[in-house]
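Quick note: numbers below take in every heavy atom, side chains included, and nothing from hydrogens, waters or symmetry partners. Keep in mind that what you see is a predicted model, and the values were worked out from it rather than measured.
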Amino acid sequence: MADRVHRITMFKLPDQANQQRLIQAYKTVDQTNQKDGKPYILSLAAGPTEEDPRSQGYTVACKTEFASMDDMKYYDNSCQAHQALKATAKDLGVEGILTVYFKPQVIGGAFP
């Protein structure tokens with residue numbers, strides 16, 4: 001699990017109806033992502049953020065997990081499901097996007 005790439009993307013999207021459209025687009029990504037004829041995203045979780053000053057205006061967050069950096073690069077550049085999501089997001093009035101990714105150096109918790 002330590003070799004997996006974890007990616008977090010956050011969106012500043014004030015309109016709640018458009019937040020739900022974006023979340024629906026992520027649901028479609030989850031159902032349609034394909035690489036070499038099979039799903040390749042190991043996990044995907046997306047939803048509206050909780051109202052909190054620390055969120056700095058980001059209203060939707062998504063965490064994806066990939067088996068390798070190559071799979072994440074495929075997601076960015078070639079995945080048709082992700083390309084469709086980006087096209088949808090472009091029309092929703094997104095005011096900001098922040099994406100970070102990492103390979104964990106610590107894995108813990110009650111259910112690692």
Side-chain angles (χ1 to χ4, degrees):
M1 186 178 303
D3 290 339
R4 292 181 175 183
V5 177
H6 296 252
R7 174 183 170 127
I8 300 164
T9 303
M10 298 182 297
F11 299 84
K12 289 184 180 181
L13 189 53
D15 183 79
Q16 286 186 350
N18 284 342
Q19 292 171 21
Q20 288 304 311
R21 287 183 184 94
L22 182 61
I23 291 164
Q24 185 60 45
Y26 269 111
K27 189 180 289 188
T28 300
V29 168
D30 182 52
Q31 295 167 347
T32 62
N33 75 92
Q34 295 278 308
K35 181 181 179 191
D36 300 326
K38 59 186 178 192
Y40 69 99
I41 297 173
L42 300 178
S43 71
L44 185 152
T49 61
E50 296 296 324
E51 209 168 301
D52 186 291
R54 295 173 289 183
S55 66
Q56 299 182 26
Y58 289 97
T59 57
V60 175
C62 179
K63 181 184 178 294
T64 47
E65 201 171 320
F66 301 93
S68 66
M69 193 64 72
D70 284 341
D71 280 357
M72 192 196 73
K73 288 178 183 177
Y74 175 84
Y75 178 74
D76 272 338
N77 301 315
S78 303
C79 177
Q80 293 300 310
H82 188 225
Q83 299 306 315
L85 177 129
K86 290 194 280 189
T88 297
K90 190 176 183 179
D91 294 331
L92 296 179
V94 174
E95 296 178 356
I97 299 174
L98 173 66
T99 299
V100 297
Y101 53 92
F102 63 97
K103 290 184 178 181
Q105 293 185 359
V106 175
I107 297 175
F111 302 101

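Annotation: salt bridge (charged side-chain N to carboxylate O under 4.0 Å, His left out) contacts involving residues 41-54, sequence neighbours excluded, comprise D52-R54. Sorted by first then second residue, the salt bridge (charged side-chain N to carboxylate O under 4.0 Å, His left out) pairs that include residues 77-96, not counting sequence neighbours, number zero. Pairs engaging residues 26-41 under the side chain to side chain donor-acceptor pair (under 3.5 Å) rule: K35-D71 [sequence neighbours left out]. Residue pairs satisfying the salt bridge (charged side-chain N to carboxylate O under 4.0 Å, His left out) criterion with at least one member in residues 75-85, sequence neighbours excluded, are listed as follows: R7-D76.
Note that the NE2 atom of H6 and the CZ atom of R4 stand 7.0 Å from one another [nearest 0.5 Å].
Closest non-hydrogen pair, S68 versus V5, comes out as C-CG2, 3.6 Å. In plain terms, the two heavy atoms of L42 and A67 that are nearest each other are CD1-N, 3.4 Å. Considering all non-hydrogen atoms of both residues, Q19 and P48 come closest at OE1-CB, 4.2 Å. When all heavy atoms are compared, the tightest approach of D15 to R21 is OD2-NH1, 4.4 Å. Annotation for L22 and V60: closest pair CD2-CG1, 3.9 Å, computed over non-hydrogen atoms.
The side-chain contact (heavy atoms from CB on, under 4.5 Å) search around I97 returns T9, F11, V94, T99, not counting sequence neighbours. With sequence neighbours left out, Y75 forms a ring-ring contact (aromatic ring centres under 6.0 Å, His included) with F66, H82. Looking at residues two or more places apart in sequence or on another chain, you find no side-chain contact (heavy atoms from CB on, under 4.5 Å) involving A87.
Within the 4.5 Å cutoff, the side chain of C62 has heavy atoms near those of the L44 side chain.
Under a 4.5 Å side-chain heavy-atom cut-off, the cluster of Ile, Leu, Val, Met, Phe, Trp and Tyr residues that includes V100 is completed by I8, M10, Y58, L98, F102.
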